[in-house]
Amino acid sequence: MEKHSVKITVLGARGSVPVSGSSFSRYGGATTCALFCADGQYIVLDAGTGLMALPEEAMLAPSLPVLLTHAHVDHLLGFPLSPCAMRKGLALDIYGATRDGLDVRAQLETLMKPPLWPVGPGALPANIRFHELPHNMRIGDVDVGSMEGSHPGGVSLLRLDAFGKRVVFATDCTLEERLSSKLAEFARGCDLLLIDGQYLYEEWEERSGFGHSSWKYVADFAKSEGVPMVRIIHHDPFRTDDELDKEAEELRAMGHDFDFAKEGEVIEL
Ligand SMILES: [Zn+2]
Ligand SMILES: [Zn+2]
C-alpha cells in the first residue's frame, strides 16, 4: 500500500499578543499559526506571528491556501510581512468568514491601511485571492470542513481530512455545554485535536465572555470523546514556560498523547 504523509507543524502557539524573552523560549512567543501538510499539499491555518517562520517548502507549489479562523489581530499580525505574502507571483488563496459585515478582503484591508500599516494587501508581491470560507470544500487531497465556535465576533473551527487522518483546529473558543455536543460530532474520530485552553480554571471564571477555555475542561472533553492526541494551543501571554511545564504534568496524565503545543513542534500522524 502506498504510504502517505500527513503532518502538522506548530508555527505559533501563543494567544492574544506575541511575547518574547527567556521565560517563553520553550513554548514560544509567536501567535497562532499552524502548517498542515498532506503529501506535499500545504495549508496554512491562521496568520499570527508564527507565519513569519513559514518554511520554504510550503511556498514551492504555485498556490498556497491560508485558512483564517477569524480576524482578531493575534491571528493576522504575521501576514503583512510573511514570507508567503512577500513571495512574488505566489498565488495566496485566503479563506475566511465574513465578520461584522466585513468580508475577509475588507478585514485585511482594515489592518493594512494607514495609519496602522503603510501598504494594503493589493500592493504585496504575492498574488492574493480572497474567498469566503465555505462549510465544506476540497483542496487537493484534503477535505476541509468548518463550523462556528463561540468567541466574541465569531470564529470558524476547522477540520482537515486527508488519507484517513483527521485534524481539528479549534482555537479561540469557549467550549460551552451546548457547543460541546456540536464539536464532538464535528471532531468525531479525529486523530489530533488542537484546541484553545488558554486559562486555568480559576481564571476562566473571572474571564467568562473572553472567548477562551480552561485547558483542563477541554482536555476532559477530549478524553471523554476518546481523542488520542491533543495539543492545547493559544497559551496565555503571561504564562511562562515554567508555569506551563508545571500544568503539563497533570495534562499529560489525562490522555495517551496530551500536551501543550510548542512552537516549532512537528506532529506526524
Ligand atoms: Zn486569539
Ligand atoms: Zn480571538
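Indexing begins at 1, ligand by ligand and atom by atom, following the structure's order.
- Using cut-offs of 30° and 60° for the angle between ring planes, the Tyr217 and Tyr201 rings count as perpendicular.
- Not one N, O or S atom of Asp196 sits under 2.8 Å from the Zn ion (ligand 1).
- Heavy atoms of other residues, nucleotides or ligands lying less than 6.0 angstrom from NE2 of His135 number 12 at most.
- Atom CE of Met86 is separated from atom CE of Met52 by 9.0 Å, given to the nearest 0.5 angstrom.
- Among the atoms of His72, none of the N, O or S atoms falls under 2.8 Å from the Zn ion (ligand 1).
- Within Asp74, OD2 is the N, O or S atom that lies nearest to the Zn ion (ligand 1).
- Among the atoms of His234, an N, O or S atom is found under 2.8 Å from the Zn ion (ligand 1).
- The backbone N or O of Asp196 sits nowhere less than 3.5 Å from a side-chain atom of Thr171 that would complete a donor-acceptor pair.
- The residue from Arg159, Arg166, Arg138 that alone fulfils the side chain to side chain donor-acceptor pair (under 3.5 Å) condition with Asp143 is Arg138.
- Rounding to 10°, one obtains 90° for the angle at the Zn ion (ligand 1) between NE2 (His75) and OD2 (Asp172).
- When distances to the Zn ion (ligand 2) are checked against a cut-off of 2.8 Å, His151 contributes an N, O or S atom below that limit.
- Minimum-distance N/O/S atom of His70 relative to the Zn ion (ligand 2): NE2.
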Start with the C-alpha gap between Lys216 and Glu247, add the side-chain angles, then the distance that decides, and say whether salt bridge (Lys or Arg N to Asp or Glu O under 4.0 Å) holds. CA-CA 9 Å; Lys216 212 175 283 187; Glu247 301 293 314; 5.5 Å; no
